[in-house]
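Counting from 1, the numbers follow the sequence of the chain as shown.
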Amino acid sequence: MENIIKPRILIIGGTGFIGHHLIKALVIKDFSITSISLNQPTKQRFVEGVKYHFVDINVPNSCSDILNNNFHYVVNLGGYIDHSLFKDDGRDLIVSHFNALQNIIAALPRDELMRFVQIGSSDEYGNSDSPQHETLRELPISPYS
């Protein structure tokens, strides 16, 4: 009998809107799924079989043990929405998101990693008409964008 290895994926921000929907799609594809988030999933967003971990990725080494699972794929959806202007706490948002990304990259083993996906936001395109697509020029309207 051939040993079939399930692809291992880490979803950072897996209890958020997009993370939850990505997890539901990956369950159907039979992935081994781990989620890192600040908060537990709501009852409606809990998905059976997912390994949920609750850590603040802004704290260095907070997720080192989890990341040592040698994931094949990592999708970073982590972050929080804040449309403050730069002068009104926008700098804090940039620093927080950047530090979190650095902490992940520093702790992430690359032995079996095949793909790291950093997800942005449609806010990057500002007030452009929908639907937006990646060939559009960025028109950020806030540090979050």
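Here CD of E112 is found 11.0 Å from CZ of F71. Values are rounded to the nearest 0.5 Å. For the atom pair CD1 of I12 and CG of L108, the computed distance is 7.5 Å after rounding to the nearest 0.5 Å. The distance from atom NE2 of H21 to atom CG of L77, rounded to the nearest 0.5 Å, is 12.0 Å. Atom OG of S37 sits about 10.0 Å away from atom CZ of R45, to the nearest 0.5 Å. Atom-to-atom distance recorded for T15:OG1 and F54:CZ is 7.0 Å, nearest 0.5 angstrom. Between the NZ atom in K51 and the CG atom in N69 there is a gap of 6.5 Å [rounded to 0.5 Å].
With hydrogens and angles disregarded, a donor-acceptor distance shorter than 3.5 Å links the side chain of R8 to the backbone of N70. Side chain of Y73 to main chain of V117: no donor-acceptor pair is present (N/O by atom type, distance under 3.5 Å, no hydrogens or angles). Counting only distance, with no hydrogens or angles, the side chain of N103 and the backbone of N58 share a donor-acceptor pair below 3.5 Å.
Taking S62 as the reference, nothing meets the side chain to side chain donor-acceptor pair (under 3.5 Å) condition, with sequence neighbours excluded.
The hydrophobic clustering, which links ILVMFWY residues whose side-chain heavy atoms are closer than 4.5 Å, places F46 and I11 together. Under the 4.5 Å side-chain heavy-atom criterion for ILVMFWY residues, a single connected hydrophobic cluster contains both I105 and V55. Hydrophobic clustering, with ILVMFWY side chains joined whenever heavy atoms are under 4.5 angstrom apart, keeps V95 apart from I57. Following chains of ILVMFWY side-chain contacts shorter than 4.5 Å, one cannot reach I9 starting from I66, and the two form parts of different hydrophobic clusters. Hydrophobic cluster membership is shared by L22 and M114, with clusters built from Ile, Leu, Val, Met, Phe, Trp and Tyr side chains linked at under 4.5 angstrom.
More than 12 heavy atoms of other residues, nucleotides or ligands shown are found within 6.0 angstrom of CZ on R110. Around atom CD1 of I18, no more than 12 heavy atoms belonging to other residues, nucleotides or ligands sit under 6.0 Å away.
The two atoms that bring S35 and I23 nearest to each other are CB-CD1, 4.1 Å, heavy atoms only. Across all non-hydrogen atoms, the minimal contact from I104 to F116 is CG2-CE1, 3.9 Å. When all heavy atoms of A107 and S64 are compared, the pair lying nearest together is CB-OG, 3.8 Å. Nearest heavy atom pair, residue L139 against residue S128, reads CD1-OG, 3.6 Å.
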